[in-house]
J.: 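One structure, as structure tokens, below. Some questions next.
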Amino acid sequence: MSETETTGASYAAAGVDIEAGDRAVELMKEWVRKTQRPEVLGGLGGFAGLFDASALKRYERPLLASATDGVGTKVDIARQMGVYDTIGHDLVAMVMDDIVVCGAEPLFMTDYICVGKVHPERVAAIVKGIAEGCVLAGCALVGGETAEHPGLLGPDDFDVAGAGTGVVEADRLLGADRIRSGDVVIAMASSGLHSNGYSLVRHVLFDRAGMRLEQRVEEFGRTLGEELLEPTRIYSLDCLALTRTTEVHAFSHITGGGLAANLARVIPDGLHAAVDRSTWTPGAVFDLVGTAGRVERLELEKTLNMGVGMMAVVPADSVDVALTTLADRGVDAWIAGEITERGDHTTGATLTGDYAA
């Protein structure tokens, strides 16, 4: 019998390194502290994150909003590039920008990181990105879990997920019931692909076009890998600023399913959102995916955000203030469409025209 067969079994021998996990927690603590809000009680390491709900007493009728998400196969780009401190921005954006759509203020978030082997510095870098994203969203990171799954994941493989909670006053809840014919659709530019459609992107660029992450792409002014790893823009505080400065009827977070399908989710029966493609030019990465894979435009549009990460539906007399507010916050935004009676349209939102050259 081998030496390992004659000695007692252990968790470490099974591939789980408790000491490495403890070190990862120590390394991430400083980043988690940067996200704290005054309502957060206790520190990192408890069995549950604590948030003082008495802070909600100022609301007449507080509604809690919650969401959970991951970042899909974009994690494989981070793994291949050995860059772990940006993927957390994507996670926070996917969760908290869903929550802000109803007008809710992000309050707190928890994360789940699953790895094949705990590399403390790597895990801490992932949490650093999540913490930085939480700061950008205005929420606290109150806890999380790092799970080591040897035998199921390779030593360098990992995945991330998160859940978040926000709050909105009941009479300020945004959504389809506020939208009226004559409202205007405002588009907010994405920072790139964000975190959706990477299975298609990877198939097209790597499997079909044979491109490499380290390959410099002149249209990007940087390498392919740097472009693909560009963090998702976090719109939470920008959207909340809009609700404070002017009237907003609804938001739509443009994620999986594309622009038309996500916008349709907030359009009520009887109304239709017509979005004009000619009001913007999608970034070079969208053209590259379409060209390299000979992907039809409609397929691209139902998979990728095409350069728009968030949309706001506002009354016509709120447009100027909305655009000024977003410009002051450094958000590229423009009038992209309007709300009309549905008429012969069978769907809640459609794209018309051709993209600007």
J.: For Arg79 and Asp156: C-alpha separation, side-chain torsions, deciding distance, then whether salt bridge (charged side-chain N to carboxylate O under 4.0 Å, His left out) applies.
T.: CA-CA 7 Å; Arg79 179 191 63 80; Asp156 293 325; 5.7 Å; no
J.: Just by distance, with hydrogens left out, do Thr325 and Thr245 show a side-chain donor and acceptor under 3.5 Å apart?
T.: yes
J.: Under a 3.5 Å distance rule, please check whether Tyr198 uses its side chain to pair with a backbone N or O of Leu228 as donor and acceptor.
T.: yes
J.: With rounding to the nearest 0.5 Å, note down the distance linking OG1 in Thr146 to CD1 in Ile126.
T.: 8.0 Å
J.: Applying a strict under-4.5 Å side-chain criterion to I, L, V, M, F, W and Y, I'd like to know whether Phe206 and Met81 cluster together.
T.: yes
J.: Do Ile339 and Ile267 have side-chain heavy atoms sitting under 4.5 Å apart?
T.: yes
J.: Kindly compute the distance separating OG (Ser236) from CD1 (Ile99), expressed to the nearest 0.5 Å.
T.: 8.0 Å
J.: Please determine whether side-chain contact (heavy atoms from CB on, under 4.5 Å) holds for the pair Leu304 and Val201, giving the CA-CA distance in whole Å, both sets of side-chain angles, and the decisive distance to 0.1 Å.
T.: CA-CA 9 Å; Leu304 307 178; Val201 170; 4.2 Å; yes
J.: Check for a donor-acceptor pair, side chain of Glu301 on one end and backbone N or O of Leu298 on the other, with a separation under 3.5 Å.
T.: no
J.: Could you give the distance from CG (Asp159) to CD1 (Ile87), rounded to the nearest 0.5 Å?
T.: 9.5 Å
J.: Does atom CZ (Arg172) have a neighbourhood of more than 12 heavy atoms from anything else shown, all under 6.0 Å?
T.: no
J.: I'd like a table of donor-acceptor pairs (distance under 3.5 Å, sequence neighbours excluded) in which one partner is a side-chain atom from residues 250-265, with atom names and distances.
T.:
unit_1 : atom_1 : unit_2 : atom_2 : d
Ser252 : OG     : Asn262 : O      : 2.9
Ser252 : OG     : Leu263 : N      : 3.3
His253 : ND1    : Asp98  : OD1    : 2.8
Asn262 : OD1    : Arg265 : NH1    : 3.1
Asn262 : ND2    : Thr255 : O      : 3.3
Asn262 : ND2    : Gly256 : O      : 3.2
Asn262 : ND2    : Gly258 : O      : 2.7

J.: Salt bridge between Arg58 and Glu105, side-chain N to carboxylate O under 4.0 Å?
T.: yes
J.: Tell me if a side-chain donor or acceptor on Thr68 pairs with a main-chain N or O of Gly162 at a distance below 3.5 Å.
T.: yes
J.: Ignoring hydrogens and angles, tell me if any N or O in the side chain of Thr110 forms a donor-acceptor pair with the backbone of Gly144 under 3.5 Å.
T.: no
J.: Salt bridge between Asp76 and Arg202, side-chain N to carboxylate O under 4.0 Å?
T.: yes
J.: With distance as the sole test, does Glu148 use its side chain to make a donor-acceptor pair with the main-chain N or O of Val118 at under 3.5 Å?
T.: yes
J.: What I want to find out is whether Lys117 reaches Asp157 closely enough, with some N-O distance under 4.0 Å, to be called a salt bridge.
T.: no
J.: Taking Pro231's backbone N and O only, do any of them form a donor-acceptor pair with Ser191's side chain (distance below 3.5 Å, no angle check)?
T.: yes
J.: Would you call Lys128 and Asp85 a salt bridge, taking side-chain N to carboxylate O under 4.0 Å as the test?
T.: yes
J.: Counting N and O atoms only, with roles assigned by atom type, does the side chain of His194 sit under 3.5 Å from a partner on the main chain of Met94, one being a donor and the other an acceptor?
T.: no
J.: Can a salt bridge be assigned to the pair Arg277 and Asp354 using a cut-off of 4.0 Å between side-chain N and carboxylate O?
T.: no
J.: With distance as the sole test, does Thr291 use its side chain to make a donor-acceptor pair with the main-chain N or O of Leu288 at under 3.5 Å?
T.: no
J.: Do the side chains of Phe158 and Leu153 get nearer than 4.5 Å, heavy atoms only?
T.: no
J.: Could you state the interatomic distance from CG (Leu91) to SG (Cys134), rounded to the nearest 0.5 Å?
T.: 8.0 Å
J.: Does a donor on one side chain and an acceptor on the other come within less than 3.5 Å for Thr165 and Ser66?
T.: no
J.: For Arg216, is there an ion pair with Glu218 - N to carboxylate O distance below 4.0 angstrom?
T.: yes
J.: Quick check: are there more than 12 heavy atoms from other residues, nucleotides or ligands sitting under 6.0 Å from CG of Asp320?
T.: no
J.: Between Arg122 (side chain) and Gly82 (backbone), is there a donor-acceptor pair under 3.5 Å?
T.: no
J.: Please check if any side-chain donor atom of Glu247 sits under 3.5 Å from a side-chain acceptor atom of His249, or the reverse.
T.: yes
J.: Does the pair Glu227 and Arg222 meet the rule for a salt bridge (charged side-chain N to carboxylate O under 4.0 Å, His left out), with working shown?
T.: CA-CA 7 Å; Glu227 176 68 26; Arg222 55 183 173 176; 2.9 Å; yes
J.: Output yes when a side-chain donor or acceptor of Glu230 lies under 3.5 Å from a complementary backbone atom of Leu193, and no otherwise.
T.: no
J.: Do the non-hydrogen side-chain atoms of Met188 and Trp334 ever get within less than 4.5 Å of each other?
T.: no
J.: With a 4.5 Å heavy-atom cut-off, do Phe108 and Val142 have their side chains touching?
T.: yes
J.: What I'd like to find out is whether the side chain of Met211 reaches to under 4.5 Å of the side chain of Leu224, using heavy atoms alone.
T.: yes
J.: With the side chain counted from C-beta on, respond yes when Asp183 and Val314 share a heavy-atom pair under 4.5 Å apart, and no when they do not.
T.: no
J.: Quick check for you: to the nearest 0.5 Å, what is the distance between Thr86 atom OG1 and Ile77 atom CD1?
T.: 11.0 Å
J.: Give, for atom CG of Asp276 and atom CD of Glu338, the distance between the pair rounded to the nearest 0.5 Å.
T.: 9.5 Å
J.: Could you go through the side-chain hydrogen bond (donor to acceptor under 3.5 Å, both in side chains) check for Thr232 and Ser195 one step at a time?
T.: CA-CA 7 Å; Thr232 303; Ser195 302; 2.8 Å; yes
J.: Does a salt bridge link Asp90 with Arg233, judged by any charged N lying under 4.0 Å from a carboxylate O?
T.: no
J.: Is there a side-chain contact between Leu240 and Arg244 in this structure, where contact means two heavy atoms from C-beta onward sitting under 4.5 Å apart?
T.: yes
J.: Side-chain contact, heavy-atom cut-off 4.5 Å: Asp97 with Ile234?
T.: yes
J.: I'd like to know if the side chain of Thr350 pairs up with that of His272 as donor and acceptor (distance under 3.5 Å, no hydrogens or angles considered).
T.: yes
